Amino acid sequence: MTPDSISLALFQQAPAGLFAMSTEGVIRSANDTFSDWTGYPREDLVGRYFLSLLSRGSALVFETRFMPLLQTQHTLSEMMLTLATRTGGTRNVLVSSVLDESGAAPVVYAAVFDAGNRLRYERDLLDARRTAETAMARVRILQEAAAGLAPASTLAAFGSALRVAAEMATDAASVSVIVAEPDGSLELVSGDRPLSPTHELAGLLPVLECLRTGEPVLCCNPAEIAARYPDLAAGLDAEGVEALVVIPVIEDATVGGAIACWFQRPRELDEDLLDLLAALATQGAPVLQRIHLQRRIEHQSLHDSLTGLPNRRSLQRRLRLVLGDAERLGHAVGVLFLDLDGFKAINDDFGHEAGDQVLQQVAGRLLRTLRVGDLASRFGGDEFVIACDGIDEETVLDVARRIRAAVNEPLDGLARGSTVSASIGISLFTPGGSTQTTPDALIHLADEAMLASKRAGKGRDTLVTA
Amino acid sequence: MLTGPDAASNPAAGVLERNRVSVAGDAAKPAIIFGAGYGTSQDMWRLVAPQFTDRYFVVLFDNVGSGETDVSAYDRRKYDSLRGYAADLLEIIGVLDLHDVVFVGHSVSAMIGALAAIAEPQRFARLIMLGPSPRYLNDEGYLGGFERSDVDALLDAIEVDHASWARDMAPALMKNSERPELAAELADSMARSSTMVAQHFAKVTFLSDLRRYLKDIRTPTLILQSADDLIAPIQVGEYLHEHISNSELVVLNAAGHYAHLSDPAEIERQIRRCL
């Protein structure tokens, strides 16, 4: 063999496919090995697009990565591709290539190595790494959520911790965390939500459905949204929402809230991601329960359990507040001390339950009669104290008159038809003078004035100025 | 390009830096903006864009996450939709105070330009789409050219690349490093974030579906479609032409998906023809 024929044989029979192509990807020359591997005779290969020898997936890789990278780097090593052979089979290969721009027309030289086994191995590595990374990301997100949730003592902090974690998990354009209050009302505690100018929170049907059923709601694309929520489709569309998922936060078998993710492109949410969102919700549930419990305890510590009215502590807290404002704003403050006349008799005649009902009815009548901003409290027994801010003598007397009239109406319930009346004492503090006052002093003055009303024949009021 | 200390304190400079905006020609002349396709940078326009500097103000940019842009500026939530990129394009146009813009977009940038033109039509005089596709996946009654498994193969390939990418990058980083082992680590983490960005952008590009917005494009549109573009088959060009009311479809001969590299003279001629 001559050196030339050895070179030619080396080219033709090298244990690697060799070919040259234009920068548009048209094959200019190929060796026998490449011809064998692809199943096309050499004369068929020349003039053919290299792309047409690749699986669709590899063609996408070739066009969007191989060629752009080659253009910028001029050399590429071991790009994994899958050849689609003439007989309909496939062959996994690694392709290394260089871009030669020294001639008149640039040429790409490529060497193709069989990679059947290596590719399987790479594939396994890839799967293993993906699994590990998914698990790590999951742990990181759950830890992040736990760190935010642990110190959360407000609904806002609870919502923010869940929102941030859900954003990390999903890349959603926006995430809303919604809490269902015990009275059934809904509150957006963190994040933005779609349709806020046009729809109440309760009109956000996917959220409502999730809260009602306790099941996740999932719409992967605009068509699914339109089929399931036809009335909302146009509005969501206008805001670019193309997919959504809502996950319930379930505490003690009741749905306490929901995490809603709004996407701006079609999204197929896989099992892993839905699991992760559910895990976030599960993590959030006891925290939501704790916050609700704290709120209940706080409410209880400031309210009377029989009538639901604020208690003595709330009253003192309010009076401190309004007395501070009174000095600053020059507002007068009135305190009305009310004691029921005839209450003991009802208790004796109809029993304690009837007495409790009377107290509840009186509480309701007070709330109905007072001005907005006034605070009615149950002070103890059959005594109620009302704090009025920004008032004058004439108005406070009018309030007292209205209260007496309301209390005096015939009773309902076990003591139906009976009546009670109210003896009221009023203390009125007008700031600006030399005297200072305290909540206790005002209450005490009003109490004494009430006793004066009692002594004067009950069912009347007595006013003293502090 | 605007870089340096101003970039952080000046929001306008921040926008231009973020997208590696480069300009050429006279700012008083009509503006023409070139947008790069998936996986590529403004460099891909090197054979076409310079031809226009005589009579136009030429603006080039990179989508965040592509080209030489700072990977740390990549906000996954913002760029989980092509709308994020469209918002960036509108910011560039706003900062440069451009009007009657001719926007030439390759591949995914054609659709980014369309979303921007739908949002602020008054800014655009013309859209020129090179190898565009409103949806890459096949659907009932629609031939996009790809199946989900093809996109998964691309995502896998990007991931497998990561190792060789890091290997290629490490020596350059090590050259001036006193602790080469850290350079290798750095190369790996840089390759890792580039990989994650490339995968995410691939998902957003190839799994989006913008067919429903085509009817909202009011800007006159020229669709340049290669007869042999594998990424955007000819049916996709026809679909776009059918659904964009004021559009013209030009089928280019054997130019592939990168016609601006393979046949720059023809692309230049087509752009000039409609200016």
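Proteins come first, then strands; the chains are lettered A, B, ... in the order of their sequence lines, and each starts at number 1. Source: prediction; values computed, not measured.
Heavy-atom distances place the side chain of A:Thr72, and not its backbone, under 4.5 Å from chain B. Interface residue B:Arg46: only side-chain heavy atoms are found under 4.5 Å from chain A. Looking at A:Ala172, the atoms closer than 4.5 Å to chain B (heavy atoms on both sides) all sit in the backbone: N, CA, C or O. For a residue to count as touching a neighbouring chain, one of its non-hydrogen atoms must lie under 4.5 Å from one of that chain's; by this rule B:Tyr136 does not touch chain A. Heavy atoms of A:Phe263 lying under 4.5 Å from chain B belong exclusively to its side chain.
B:Asn138 CG to A:Arg56 CZ: the interatomic distance, rounded to the nearest 0.5 Å, is 7.5 Å. To the nearest 0.5 angstrom, A:Leu69 atom CG is 10.5 Å from B:Thr40 atom OG1. Here the straight-line distance linking atom CG of B:Asp139 with atom CG of A:Asn221 works out to 9.0 Å at 0.5 Å rounding.
Scanning all heavy atoms of the two residues, the minimum distance from A:Thr64 to B:Tyr258 falls at CA-OH, 3.7 Å. Nearest heavy-atom pair, B:Ala153 versus A:Gly57, reported as atom, atom and distance to 0.1 Å: CB-CA, 3.8 Å.
You'll find the side chain of A:Arg265 stays beyond 4.5 Å of the side chain of B:Asp209, heavy atoms only. Inter-residue side-chain proximity for B:Leu261 and A:Glu24 is flagged as unmet; no heavy-atom pair is nearer than 4.5 Å. Using a 4.5 Å cut-off on side-chain heavy atoms (C-beta onward), A:Pro68 and B:Tyr38 make no contact. Put simply, the side chain of B:Asp43 does not reach to within 4.5 Å of the side chain of A:Gln71, judged on heavy atoms.
A salt bridge is defined here as a Lys NZ or Arg NE, NH1 or NH2 lying under 4.0 Å from an Asp or Glu carboxylate O, and B:Lys203 with A:Asp171 fails to meet this definition.
With chain B as the partner, the residue from A:Glu268, A:Arg267, A:Glu242 showing the most heavy-atom pairs under 4.5 Å is A:Glu242. Counting heavy-atom pairs under 4.5 Å between each of A:Leu51, A:Leu126, A:Thr82, A:Thr23 and chain B puts A:Leu126 at the top. Ranking B:Ile231, B:Thr205, B:Asp263 against chain A, the residue ahead of the rest is B:Ile231, based on heavy-atom pairs under 4.5 Å. With chain B as the partner, the residue from A:Val61, A:Leu60, A:Asp237 showing the most heavy-atom pairs under 4.5 Å is A:Leu60. For the options A:Gly25, A:Ala59, A:Ser55, A:Ser58, heavy-atom pairs under 4.5 Å to chain B are most numerous at A:Ala59.
Contact annotation for residues 141-149 of chain B against chain A (heavy-atom separation below 4.5 Å, listed by residue number): B:Gly145, B:Phe146, B:Arg148. For residues 74-86 of chain B, the interface with chain A (any heavy-atom pair closer than 4.5 Å) comprises B:Arg76, B:Arg77, B:Asp80, B:Ser81, B:Arg83, sorted by residue number.
In the displayed structure, B:Glu68 atom CD is contacted under 6.0 Å by at most 12 heavy atoms of other residues, nucleotides or ligands. Heavy atoms of other residues, nucleotides or ligands lying less than 6.0 angstrom from CD of B:Gln122 number more than 12. When the shell of 6.0 Å around CG of A:Asp127 is examined, it contains more than 12 heavy atoms from other residues, nucleotides or ligands.
Formation of a donor-acceptor pair under 3.5 Å by the A:Tyr49 side chain with backbone atoms of B:Asp228 is not found in this model.
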